[in-house]
2 protein chains.
Amino acid sequence: MRPLPHPATGDIQLTEVLRALSDPVRLEIVARLASHGEMTCGDAGDALGVHKSTASHHYRILREAGVVLTKQEGRLKFMSLRREDLDDRFPGLLDSVLSATHAVA
Amino acid sequence: MRPLPHPATGDIQLTEVLRALSDPVRLEIVARLASHGEMTCGDAGDALGVHKSTASHHYRILREAGVVLTKQEGRLKFMSLRREDLDDRFPGLLDSVLSATHAVA
DNA sequence: CGCATAGTTGGATGGTTGTCAAACCATAAA
DNA sequence: TTTATGGTTTGACAACCATCCAACTATGCG
């Protein structure tokens, strides 16, 4: 289980987080991570119907923005939300975005 | 005081709002609108050091995303935040973003 | 070792973005 | 009606983005 480079909590930039969340595919990934806990890259590709390299691209953006944590275990990479870090830095932001994704139409 | 076309509250899209807020210039505009109440396009250009056409461009994006309300009065156009509409559609989102803009470094 | 699996990387592509400058439009004042 | 002022629109341009495909890397299993 090796860690990968992530921005420190204090280095997370608001505009980058908002930018990362402003894509429908990434927002869906985040919503799924919020409810399912963890996810591999392949899961995202299957669930969202995008090419695996596209999913990988989105994961990188989410990771570099500080939204998700990626840890390698064996030959899989598990992604999870950095809930505490985000809540520490931008209180309430993630929660409001997540509840907004549940809003209808 | 003539109104301009704006999206209805129910038509405001989460990804578009996040996208609109993911630019430093626009985020600064929104922060100023939150504290100063209203602003003209010229004010924004002066305060942010961008060309007036650039400011106009950003206002359009904010307006079309449903973040700001634009009303014409004489030859000036006043922009204001659609706080109630946003709070109605995405509760807590605007507040958390605004308080996040106050976060240091 | 050889093979399969999970992701990443690089290239290509079509589309979007932020910016400025110059021209344009609309309103008010002289 | 002419002039000045506040914004918008258009064009141009460089940068970036989402996507796919193909090739590559890395890890684990026989």
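Residue numbering restarts at 1 for every chain, and letters A, B, ... go by the order of the sequence lines. Predicted model only: the values in this text are computed from it and were never measured.
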**Asked** Between A/E38 and A/R32, is there a salt bridge with N-O shorter than 4.0 Å?
**Response** no
[atom1] of [X] versus [atom2] of [N]: gap in Å, rounded?
X     : N      : atom1 : atom2 : answer
B/M39 : D/dG6  : CE    : C1'   : 15 Å
B/E16 : C/dT16 : CD    : P     : 13 Å
B/Y59 : C/dG18 : OH    : P     : 16 Å
A/D46 : C/dT5  : CG    : P     : 14 Å
A/L18 : C/dT17 : CG    : C1'   : 17 Å
A/K52 : D/dA18 : NZ    : C1'   : 18 Å
A/H57 : C/dT13 : NE2   : P     : 18 Å
A/D23 : D/dC16 : CG    : P     : 18 Å

[X] has a side chain; which of [options] sits nearest to it?
X     : options                : result
B/V50 : D/dG7, C/dC20, C/dT8   : C/dC20
B/R19 : D/dT8, C/dG18, D/dA18  : C/dG18
A/L76 : C/dA6, D/dG7, D/dC20   : C/dA6
B/T54 : D/dA18, D/dT8, C/dC20  : C/dC20
A/Q72 : C/dT19, D/dT27, C/dA23 : D/dT27
B/R75 : C/dA22, C/dA29, C/dG7  : C/dA29
B/H51 : D/dC20, C/dA22, D/dT9  : C/dA22
A/I61 : D/dA18, C/dA21, D/dT9  : D/dA18

**Message:** Please tell me whether B/F78 and B/Y59 are part of a single hydrophobic cluster in this structure, the criterion being side-chain heavy atoms less than 4.5 Å apart.
**Reply:** no
**Prompt:** Are A/L98 and A/I12 joined in one hydrophobic group, where the rule is that I, L, V, M, F, W and Y side chains link up if heavy atoms are under 4.5 Å apart?
**Reply:** yes
**Prompt:** At under 4.0 Å between heavy atoms, what does B/H58 touch on the DNA or RNA strands: base, sugar-phosphate, or nothing?
**Reply:** sugar-phosphate
**Asked** So what does A/K77 touch, heavy atoms closer than 4.0 Å: a base, only the sugar-phosphate, or nothing?
**Response** sugar-phosphate
**Request:** Classify the side chain of A/T40 versus the base of C/dA6 as yes if they form a donor-acceptor pair under 3.5 Å and no if they do not.
**Result:** no
**Message:** Ignoring hydrogens, what is the shortest heavy-atom contact between A/A20 and A/R26? Give both atom names and the distance.
**Reply:** O-NE, 2.7 Å
**Fill in**
The reported gap from CD in A/E64 to CD in A/E16 (rounded to nearest 0.5 angstrom) is 8.5 Å
